[in-house]
**Q** 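Sharing a structure with you now.
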Amino acid sequence: MISGGDYHRLPHKSKSHIGRTNDFSTNQVRPLPTGTRKKSTGIQAWMLMNKKGEAQVVEAGKYAIMRRTGLLARDLRVLDPLLSYPSTIMGREKAIVINLGHTKAIITGLEVLLLNSRDPTVMPFIEELQNRIQRFHHATIAQKGDVDGLNFSKEFSKFEDQDESPKVEEKTDVKNQDGSKVLPFEFVALEACLETVCNCLESEAITLEQEAYPTLDKLTSVLSTLNLERVRQIKSRLIEISGRVQKVKDELEHLLDDDEDMAEMYLTEKMPTKISLETCRFSTLSDDEGQNLENPHGNHTSSTQSYMNKNLDVKELEMLLEPYFVQIDGTLNKLSTVRSLILPYHLLKT
């Protein structure tokens with residue numbers, strides 16, 4: 001069980017297959033100093049979960065996140081809890097940005113960064129994400145050896161005194177025990193996000209539906225102020241939930257309609273043969289350094305466009321997204337049915 005409220009390395013589950021701690025953070029993550037710089041750099045608590053499912057909460061400023069993920073400042077604004085951004089699933093050169101209600105995450109080819117991990121409502125998602133990543137890790141090492149979960153503390157020590165970078169595993173297909181292909185790491189994390197959000201919205205819709213029918217029956221039998229007020233409260237919740245469901249549906253529909261957007265999200269395929277050392281740690285960046293990070297990866301547009309021109313076969317991702325689109329559309333239909341039943345009553349007064 002993960003405890004997201006601490007700023008130090010999180011304890012790992014005691015089961016034998018995940019119990020050995022690799023000191024994921026000892027040298028890899030360097031918490032940034034707090035104090036007068038906190039306001040200027042936007043230091044926040046981030047949970048990092050690597051490809052073994054090991055997790056830790058650290059404090060980091062936005063420029064450290066930008067350098068680590070290759071995102072721009074405008075991409076990070078999508079995750080700002082103080083700003084009202086619509087539901088977003090956004091692919092970039094080296095990361096996928098997810099903003100779906102309480103689920104706010106940055107997915108790279110090596111790890112997942114979660115912004116609001118201390119929120120109790122997010123804990124079920126974190127547990128599901130960790131379970132999926134651990135299954136992914138065990139499936140990969142069963143055939144290829146332990147190459148997916150880099151021991152960052154050892155790797156950092158090894159390469160800190162050398163002008164080298166830890167190698168990424170060869171891109172070979174890995175199979176589950178049933179013979180099905182193991183999804184790339186970024187899709188494993190993306191599916192955890194989508195399943196959590198879609199199941200949560202469906203559960204809310206079902207609960208509302210179960211409350212609405214008895215309330216409408218009572219109002220039909222006895223037209224009273226109390227019963228009418230209950231129907232109005234249900235209608236208010238209906239409008240709020242419908243809005244959130246519609247936003248998720250629109251985002252999935254937009255993504256499914258755009259092959260280039262989907263191609264952008266194949267992070268493992270775009271990953272170079274070596275990882276830059278700065279992706280294995282947080283650099284302590286001053287504000288002056290941060291101002292020069294308008295595009296930390298220089299040829300973002302050209303390299304991405306070249307990749308997309310050669311790799312527009314997005315069937316794998318399309319097959320992953322389609323069931324969740326169908327699920328969220330079904331949830332919206334449930335809510336529409338309840339709305340049609342409430343509509344005749346919303347103008348009634350007693």
**Q** Under 4.5 Å between any side-chain heavy atoms of Phe185 and Leu110, yes or no?
**A** no

**Q** Taking C-beta and beyond as the side chain, do Glu316 and Pro184 meet within less than 4.5 Å on heavy atoms?
**A** yes

**Q** Roughly how far apart are Leu321 CG and Leu190 CG, rounded to 0.5 Å?
**A** 6.0 Å

**Q** As a quick check of understanding, evaluate salt bridge (Lys or Arg N to Asp or Glu O under 4.0 Å) for Glu240 and Arg244, giving each step before the final call.
**A** CA-CA 7 Å; Glu240 189 270 334; Arg244 288 189 284 129; 2.7 Å; yes

**Q** Against Lys104, only a single residue in Asn99, Asn116, Thr88, Asp119 fulfils side-chain hydrogen bond (donor to acceptor under 3.5 Å, both in side chains); can you say which?
**A** Asn99

**Q** If you measure from CG on Asp80 to CG on Leu115, what distance do you get to the nearest 0.5 Å?
**A** 8.0 Å

**Q** Taking Met262 as the starting point, is it possible to reach Val326 by hopping between hydrophobic residues whose side chains are less than 4.5 Å apart?
**A** no

**Q** Under a single-linkage definition using a 4.5 Å side-chain heavy-atom cutoff for Ile, Leu, Val, Met, Phe, Trp and Tyr, are Ile239 and Ile342 assigned to the same hydrophobic cluster?
**A** no

**Q** Say you draw a straight line from CG of Asn199 to CD1 of Ile328; how long is it, rounded to the nearest 0.5 Å?
**A** 9.0 Å

**Q** So, for Gly109 and Leu267, which heavy atoms are closest and what is the spacing to 0.1 Å?
**A** N-CD1, 3.9 Å

**Q** Can you give me the closest heavy-atom contact between Leu223 and Leu219, atom names plus distance?
**A** CD1-CD1, 3.5 Å

**Q** Using modelled atom types only, decide if a donor and an acceptor are shared between the side chain of Glu111 and the backbone of Leu48 within a distance under 3.5 Å.
**A** no

**Q** What heavy-atom pair brings Ile133 and Gly53 nearest, and what distance separates the two atoms?
**A** CG2-N, 3.4 Å

**Q** Rounded at 0.5 Å granularity, tell me how far CD in Gln327 sits from CD in Glu195.
**A** 7.5 Å

**Q** Taking the side chain as everything from C-beta on, heavy atoms only, tell me whether Leu72 gets closer than 4.5 Å to Asp75.
**A** yes

**Q** Indicate yes or no: at least one non-hydrogen side-chain atom of Met265 is less than 4.5 angstrom from one of Leu255.
**A** yes

**Q** Hey, are the side chains of Glu211 and Thr207 touching, using non-hydrogen atoms and a 4.5 Å cut-off?
**A** yes

**Q** Compare every heavy atom of Ala192 with every heavy atom of Leu129, then report the nearest pair and how far apart it is.
**A** CD1-CB, 3.9 Å

**Q** Of all heavy-atom pairs between Glu251 and Ser87, which one has the smallest distance, and what is that distance?
**A** OE1-O, 3.3 Å

**Q** Just by modelled atom types, is the Lys270 backbone N or O under 3.5 Å from a matching donor or acceptor in the Lys94 side chain?
**A** no

**Q** What is the distance from atom CG of Leu335 to atom CZ of Arg237, rounded to the nearest 0.5 Å?
**A** 11.0 Å

**Q** Please report the shortest heavy-atom distance between Ala73 and Met66, naming the atom on each side.
**A** N-CE, 3.9 Å

**Q** Yes or no on side-chain contact (heavy atoms from CB on, under 4.5 Å) for Ile126 and Ser117, after CA distance, side-chain angles and deciding distance?
**A** CA-CA 8 Å; Ile126 294 176; Ser117 62; 3.7 Å; yes

**Q** Pair Lys334, Thr337 - check side-chain contact (heavy atoms from CB on, under 4.5 Å), show working.
**A** CA-CA 5 Å; Lys334 282 188 178 72; Thr337 300; 5.8 Å; no

**Q** Side chains of Leu113 and Arg68, heavy atoms from C-beta outward: is any pair under 4.5 Å?
**A** yes

**Q** Which distance, rounded to the nearest 0.5 Å, do you find between the CD of Glu186 and the CD1 of Ile107?
**A** 8.5 Å

**Q** For the side chain of Asp259 and the backbone of Val314, is there at least one donor-acceptor N/O pair under 3.5 Å apart?
**A** no

**Q** For the backbone of Leu317 and the side chain of Tyr266, can you confirm whether one donor and one acceptor N or O come within less than 3.5 Å of each other?
**A** yes

**Q** Determine, using the 4.5 Å side-chain heavy-atom cutoff (strictly less than), whether Ile206 and Tyr213 are members of one ILVMFWY cluster.
**A** no

**Q** Run Asn131 and Glu127 through side chain to side chain donor-acceptor pair (under 3.5 Å) and show every step you take.
**A** CA-CA 6 Å; Asn131 289 335; Glu127 293 178 9; over 6 Å; no

**Q** Can you spot which of Leu194, Leu201, Leu332 makes a side-chain contact (heavy atoms from CB on, under 4.5 Å) with Val248?
**A** Leu201

**Q** The test is side-chain contact (heavy atoms from CB on, under 4.5 Å); show your working for Asn227 and Thr215 and say whether it passes.
**A** CA-CA 7 Å; Asn227 288 338; Thr215 302; 5.9 Å; no

**Q** Should Cys198 and Thr331 count as side-chain neighbours, where that means a heavy-atom distance under 4.5 Å?
**A** no

**Q** Is there a side-chain contact between Ile106 and Leu71 (heavy atoms, below 4.5 Å)?
**A** yes

